[in-house]
2 protein chains.
Amino acid sequence: MSDPTQANRRERKRLQQLDHLADTAWALFEAQGFEAVTMEAVAAAADVAKGTLYKHFPVKEALLRHRFHRELGAVWPALRDELAALAPGRARLARFLAMQARWCEQQRSYLLPYVRYRLSSAERFDARSERSGMDRIFAGLIAEGQAAGEFRSDVSAALLATHLQFAHLATLLRWLSEDGLSLADEMARMLDLVCNGIGARP
Amino acid sequence: MSDPTQANRRERKRLQQLDHLADTAWALFEAQGFEAVTMEAVAAAADVAKGTLYKHFPVKEALLRHRFHRELGAVWPALRDELAALAPGRARLARFLAMQARWCEQQRSYLLPYVRYRLSSAERFDARSERSGMDRIFAGLIAEGQAAGEFRSDVSAALLATHLQFAHLATLLRWLSEDGLSLADEMARMLDLVCNGIGARP
DNA sequence: TTGTTTTTTGTACGACGTATAATAATAATC
DNA sequence: GATTATTATTATACGTCGTACAAAAAACAA
């Protein structure tokens, strides 16, 4: 296991299996709904033992996460180019959130368990754990804005990003729980709150 | 059941039972730790069937919630008087958070499951559900600040309060997950972020 | 090939939370 | 005060989650 190319092969195979598991799970979710699909069913459909499934995806919501992460990864490069045309900082953030909102509207049925999962899992605070797609993107956009002087720099970019992300998740949760809200509007208001704060302008 | 005094008696008895259940549960938690105590054990210790316990406390964390709610209710009147001496808005909020931080430090071991529970339960967005102690207090402090012109009024007090509360929970979660942080400091910084936003001051 | 390490498997387990039919307790009606 | 209707409680069974672990299989190194 000292050979690096062997280790890479191993890792590539592992990633393939992750995709395989997440894909079969996704097919079941679409057919029967997230709640109705049990982990055993996913394992069976993927021709894998329960324990193996759990090893790679310790909770059911992690299957959603993998899928979303991959989807985001696929469109991110193009998105990134489009954002580059905008001023760093708030403008890019606003555009990103607007696009994200459209995507969320299509994933609405899977979003509630996912948002809950993200909110209650503390992994994002573990410095050693790899940041997920959204985490990294938020962090990047914040850091850019900070560098451009659009965001305050007396607080670390990581903390600002966390702050933004919680507000983001909270907005999603509210949108999911109440009817008749426009997600794009709510996201725009959220960004306004996060950037300007709740204090009255003097 | 049309007699209001009968209904009140009923309700009083129900509340007593809630307290009884939460108290016995709390005793077990202190003896064995939250995770180690099963719901069946709580039910047995309270001389009640499992189903009854679940009827009143649908998830284990709700037992913590009841306890915390009651504790807060006990000290709130005095706290409220003390806060009244301060200017409405940010000053009161800052003081309240500082006191809350001291209390949280004593409850640290129970706080992680509780914070996770609060974050992932969407009940606070259900307009029909009664707001919990902290919810109501945040909402009140925000509304006071809004009335005094310290907080912006182009956004509803409810939304501002939600924003604050998520930031609050996020800060708790971070404090619980990382070592060596001063909760009071983190709360102060959080309030600064919430009030002033992440945008650079012009 | 042989020996070693890592992964997968199968299965059992404890706890959560749900559901339900039978039973007890409480309120309302006569 | 006895009777009926309502509501709360009980006991129990159930499905699922997520964990644990020993046995088997696969991948790797020699």
Side-chain angles (χ1 to χ4, degrees), chain A residues 1-22 24-25 28-29 32-66 112-114 116-117 120-123, chain B residues 1-22 24-25 28-29 32-66 112-114 116-117 120-123:
Chain A
M1 218 251 199
S2 48
D3 188 351
T5 124
Q6 290 290 2
N8 284 353
R9 275 231 320 256
R10 263 174 116 81
E11 182 64 8
R12 233 183 4 255
K13 184 170 176 191
R14 196 185 130 261
L15 292 183
Q16 269 183 12
Q17 203 193 12
L18 289 190
D19 289 346
H20 172 231
L21 292 172
T24 44
L28 291 180
F29 293 161
Q32 316 171 227
F34 179 77
E35 324 282 350
V37 175
T38 114
M39 285 297 262
E40 304 216 33
V42 173
D47 263 312
V48 140
K50 200 182 170 187
T52 307
L53 175 57
Y54 270 106
K55 177 171 188 183
H56 297 302
F57 297 98
V59 304
K60 200 166 37 155
E61 286 80 5
L63 288 162
L64 292 180
R65 183 170 201 243
H66 185 82
L112 187 55
Y114 180 66
R116 287 205 167 126
Y117 163 60
S120 66
S121 88
E123 60 182 290
Chain B
M1 218 249 197
S2 50
D3 187 352
T5 124
Q6 290 290 3
N8 284 352
R9 275 231 319 255
R10 263 176 114 80
E11 182 64 9
R12 233 184 4 254
K13 185 170 174 191
R14 195 184 130 263
L15 292 182
Q16 269 183 11
Q17 203 193 13
L18 290 189
D19 289 346
H20 171 230
L21 292 172
T24 44
L28 291 180
F29 293 162
Q32 314 171 229
F34 179 76
E35 324 283 350
V37 175
T38 108
M39 285 296 263
E40 303 215 32
V42 173
D47 263 312
V48 139
K50 199 183 168 186
T52 308
L53 175 58
Y54 270 106
K55 176 169 190 186
H56 297 300
F57 298 97
V59 303
K60 203 175 22 162
E61 286 82 4
L63 288 162
L64 291 180
R65 184 168 200 244
H66 185 82
L112 187 55
Y114 180 66
R116 287 205 168 126
Y117 163 61
S120 67
S121 88
E123 61 182 289

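We name chains A, B, ... by the order of the sequence lines, and we start the count at 1 in each one.
For A:His56, the side-chain hydrogen bond (donor to acceptor under 3.5 Å, both in side chains) partners at least two apart in sequence or on another chain are A:Gln17. Among residues two or more places apart in sequence or in another chain, the ring pair (Phe, Tyr, Trp, His ring centres under 6.0 Å) test is passed with A:Phe29 by A:Phe34. Every residue two or more places apart in sequence or in another chain was checked for a side-chain hydrogen bond (donor to acceptor under 3.5 Å, both in side chains) with A:Glu35, and none qualifies.
Rounded to whole angstrom, the span from the CD atom of B:Glu40 across to the C1' atom of D:dT12 amounts to 10 Å. The separation between B:Tyr54 atom OH and C:dT18 atom P is 8 Å, rounded to whole Å. Here C:dC16 presents its C1' atom at 14 Å from NZ of A:Lys60, a figure rounded to the nearest Å. For the pair B:Leu21 CG and D:dT9 C1', the interatomic distance rounds to 12 Å; values are reported in whole Å. Here C:dA15 presents its P atom at 16 Å from CG of B:Leu63, a figure rounded to the nearest Å. Distance A:Met39 CE to D:dG18 C1': 8 Å, rounded to the nearest Å. Straight-line distance from the CG atom of B:Leu15 to the P atom of D:dA8: 13 Å, rounded to whole Å. The CZ atom of B:Phe34 sits 11 Å away from the C1' atom of C:dC16 (whole-angstrom rounding).
A heavy-atom distance below 4.5 Å is found between the side chains of A:His66 and A:Asp19.
Taking 4.0 angstrom as the limit, A:Thr38 places none of its side-chain polar atoms (N or O) nearer than this to OP1 or OP2 of D:dG15. For the OP1/OP2 pair of C:dT7 and a distance below 4.0 Å, the side-chain nitrogens and oxygens of A:His56 include no atom meeting the criterion. Regarding contacts with the backbone of C:dT7, every side-chain N or O of A:Gln17 stays at 4.0 angstrom or more from both OP1 and OP2.
Residues from residues 45-53 of chain A placing a heavy atom under 4.0 Å of any atom in DNA chain D, listed by number, are A:Lys50.
Within 6.0 Å of CD in B:Gln32 there are more than 12 heavy atoms belonging to other residues, nucleotides or ligands.
Screening B:Thr52, B:Leu64, B:Leu63 against B:Phe57 for a side chain to side chain contact (heavy atoms under 4.5 Å, CB included) leaves a single residue, B:Leu63.
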Donor-acceptor pairs under 3.5 Å, side chain of residues 43-50 of chain B to any protein atom, not counting sequence neighbours: which ones?
none

